Amino acid sequence: MPGSLEPLDLGVQIPYHFRCPISLELMSDPVTVCTGQTYDRTSIESWVATGNTTCPVTRAPLTDFTLIPNHTLRRLIQDWCVANRSFGVERIPTPKQPAEPGLVRNLLNQASSLSNPYNSRLSALRRLRGLARDSDKNRSIISSHNVREILINVLFSNVNSANSSLELNHESLALLVMFPLSESDCMAIASDSDKVTYLSNLLFHSSIEVRVNSAALIEIVLAGMRSQELRAQISNIDEIFEGVIEILRNLQSYPRGLKVGIKTLFVLCLVKQTRHKAVTAGAAETLVDRLADFDKCDAERALATVELLCRIPSGCAALAAHALTVPLLVKTILKISDRATEYAAGALLALCSAAEELQGEAVNAGVLTQLLLLVQSDCTVRAKRKAQMLLKLLRDSWPEDSIANSDDFICSEVVVPF
């Protein structure tokens with residue numbers, strides 16, 4: 001291979017042997033395969049994962065898929081990064097090595113063995129959790145060792161006894177929510193009233209982390225099964241709505257708490273027959289109060305949940321009673337994403353259809369301009385349809401000097417008949 005230097009856009013040259021032969025990018029975790037060639041770990045793992053069994057450079061068969069860290073090369077790359085810091089090159093971090101499968105097996109055996117001392121089991125779970133946090137690779141290794149069954153057994157052991165709040169249970173819960181569950185796992189939890197009751201009780205634990213992890217597992221279970229009957233059974237529990245909404249209300253709730261809370265509330269509200277329980281628990285007011293705190297994806301879920309609540313009379317009434325509902329929905333249009341715009345327009349349509357006094361409120365909040373921009377934008381067809389219906393509904397509420405009452409608007413094709 002040539003030992004020359006290749007120019008980068010940064011205005012600095014990178015040594016050829018510092019580049020991964022697959023990605024041609026600077027290696028951050030160089031590893032050597034059985035043929036003696038070195039690659040960046042993520043690149044060679046992707047190469048093998050797609051079914052390739054030969055070395056990309058030599059084309060020789062890979063008789064051993066063990067990846068050996070090239071610490072010497074990695075240190076040379078780090079030194080080079082430091083030497084070229086003035087050119088904007090950042091030093092690559094020292095990567096954490098993937099967990100050894102043997103170590104994972106031993107830790108799981110320690111955690112699941114009832115004959116092991118309590119502190120030993122707890123220590124094993126904590127170490128597994130630390131490994132799972134380190135990388136996707138570690139989570140994949142842990143997941144391949146029947147971790148779900150082990151953790152479910154530990155989590156729900158002694159749920160009816162005074163020991164059901166042991167730290168061992170909480171640690172297994174924190175680890176379990178880091179892995180997807182099969183539908184059979186979800187149904188096994190959902191069909192056991194003792195397990196569901198235990199999770200609902202954890203929603204009121206003194207630790208915010210335990211509460212959030214409990215909500216996360218409830219969301220995973222609800223989203224992971226198709227049984228409408230079991231989903232309705234869980235959604236029929238008042239305490240679950242109250243606990244989840246309290247997580248959203250908690251001003252000290254860290255970002256993960258908001259994310260888990262809105263995901264869980266959304267999936268709970270998908271069950272129409274129990275949606276009124278969310279309203280009773282204060283979902284409408286809480287969603288409006290916290291809307292500005294969500295990131296893009298979570299704001300979309302929050303607005304979707306608002307639209308779901310607008311489909312029942314009590315939900316409409318609760319949202320209409322909040323002074324900021326209409327102004328916030330109007331402001332949201334075309335501000336966050338196409339989906340968010342669609343949900344906001346749908347919620348406004350439902351609210352203005354249910355309460356005539358809200359029509360004037362929407363107009364005063366500037367909905368006319370927002371809707372006219374929306375129907376001419378590249379937004380979704382559903383969003384445009386909702387906007388057109390809302391424009392027609394609000395026609396009598398426009399100010400006399402507005403464009404909506406002008407001859408141009410009457411002749412316009414912006415609002416089309418259905």
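Heavy-atom basis, side chains included; hydrogens, waters and symmetry copies ignored. Predicted model, so just to flag it, every value in this text is computed and none were measured.
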Check whether [X] reaches the backbone of [Y] with its side chain - one donor and one acceptor, N or O, closer than 3.5 Å.
X	Y	answer
Ser123	Asn119	no
Asp338	Thr380	no
Ser172	Asn169	yes
Ser214	Val210	no
Glu307	Leu303	no
Thr53	Leu62	no
Thr274	Lys277	no
Gln359	Cys352	yes
Asn52	Thr54	no
Thr264	Ala215	yes

Taking all non-hydrogen atoms of both residues into account, name the closest pair between [X] and [Y] and its distance.
X	Y	answer
Gly257	Ile247	O-CG2, 3.5 Å
Ala283	Leu265	CB-CD2, 4.2 Å
Val330	Ala365	CG1-O, 3.5 Å
Ala99	Val104	CB-CG2, 4.0 Å
Cys269	Arg275	O-NE, 2.7 Å
Thr305	Leu287	CG2-CD1, 3.8 Å

May I ask you to check whether [X] and [Y] show a side-chain donor-acceptor distance below 3.5 Å?
X	Y	result
Gln37	Thr58	no
Glu239	Ser200	no
Arg41	Ser28	no
Ser43	Glu25	no
Asn213	Arg256	yes

Do [X] and [Y] have side chains that approach each other closer than 4.5 Å (heavy atoms only, starting at C-beta)?
X	Y	value
Leu351	Cys316	yes
Asn116	Asn109	no
Arg85	Val82	yes
Lys331	Gln370	no
Pro180	Arg148	yes
Pro56	Ile44	yes
Trp80	Ile14	yes
Thr325	Val306	no

Distance check, rounded to the nearest 0.5 Å: [X] atom [atom1] versus [Y] atom [atom2]?
X	Y	atom1	atom2	result
Arg74	Asp40	CZ	CG	12.0 Å
Arg129	Asn138	CZ	CG	15.0 Å
Ser337	Tyr343	OG	OH	8.0 Å
Ser157	Leu155	OG	CG	7.5 Å
Met225	Ser182	CE	OG	12.0 Å
Leu151	Leu128	CG	CG	8.0 Å

For [X], I'd like to know if atom [atom1] has over 12 heavy atoms of other residues, nucleotides or ligands within 6.0 Å.
X	atom1	result
Arg231	CZ	yes
Glu90	CD	no
Glu100	CD	no
Arg91	CZ	yes

| query | Would Met389 and Lys392 count as a side chain to side chain contact (heavy atoms under 4.5 Å, CB included) if you check the C-alpha gap in whole Å, the side-chain angles of each, and the deciding distance to 0.1 Å? | reply | CA-CA 5 Å; Met389 295 172 67; Lys392 293 176 70 174; 5.8 Å; no
| Can you list the steps and then say if Lys96 with Asp134 is a salt bridge (charged side-chain N to carboxylate O under 4.0 Å, His left out)? | CA-CA 7 Å; Lys96 294 183 178 180; Asp134 282 345; 3.2 Å; yes
| request: Could you go through the side chain to side chain contact (heavy atoms under 4.5 Å, CB included) check for His322 and Asp289 one step at a time? | output: CA-CA 9 Å; His322 198 299; Asp289 289 339; 2.8 Å; yes
| task | Have a look at Leu258 and tell me which of Asp298, Leu248, Val212 forms a side chain to side chain contact (heavy atoms under 4.5 Å, CB included) with it. | result |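 So, applying the side chain to side chain contact (heavy atoms under 4.5 Å, CB included) to Leu258 and each of Asp298, Leu248, Val212, only Leu248 qualifies.
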| Identified side chain to side chain contact (heavy atoms under 4.5 Å, CB included) partner of Tyr39 from the options Val33, Asp29, Leu67, Asn70 |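 Going through Val33, Asp29, Leu67, Asn70 one by one, the side chain to side chain contact (heavy atoms under 4.5 Å, CB included) with Tyr39 is satisfied by Val33 alone.
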| request: Kindly indicate, with the supporting measurements, whether the criterion salt bridge (charged side-chain N to carboxylate O under 4.0 Å, His left out) is fulfilled by Glu246 and Arg249. | output: CA-CA 5 Å; Glu246 189 57 37; Arg249 282 182 180 150; 3.7 Å; yes
| message | Run the side chain to side chain contact (heavy atoms under 4.5 Å, CB included) test on Leu173 and Phe156 for me, step by step, so that the C-alpha distance in whole Å, both residues' side-chain angles and the decisive distance to 0.1 Å come before the verdict. | response | CA-CA 9 Å; Leu173 172 62; Phe156 294 110; over 6 Å; no
| request: Take Glu45 and Lys137 through the test side chain to side chain contact (heavy atoms under 4.5 Å, CB included) and record every step on the way to the result. | output: CA-CA 10 Å; Glu45 285 181 342; Lys137 178 68 175 177; 3.6 Å; yes
| Is it true that Lys259 and Glu219 make a salt bridge, defined as a side-chain N closer than 4.0 Å to a carboxylate O? |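 Between Glu219 and Lys259 there is no salt bridge, as every charged N stays at least 4.0 Å from the carboxylate O atoms.
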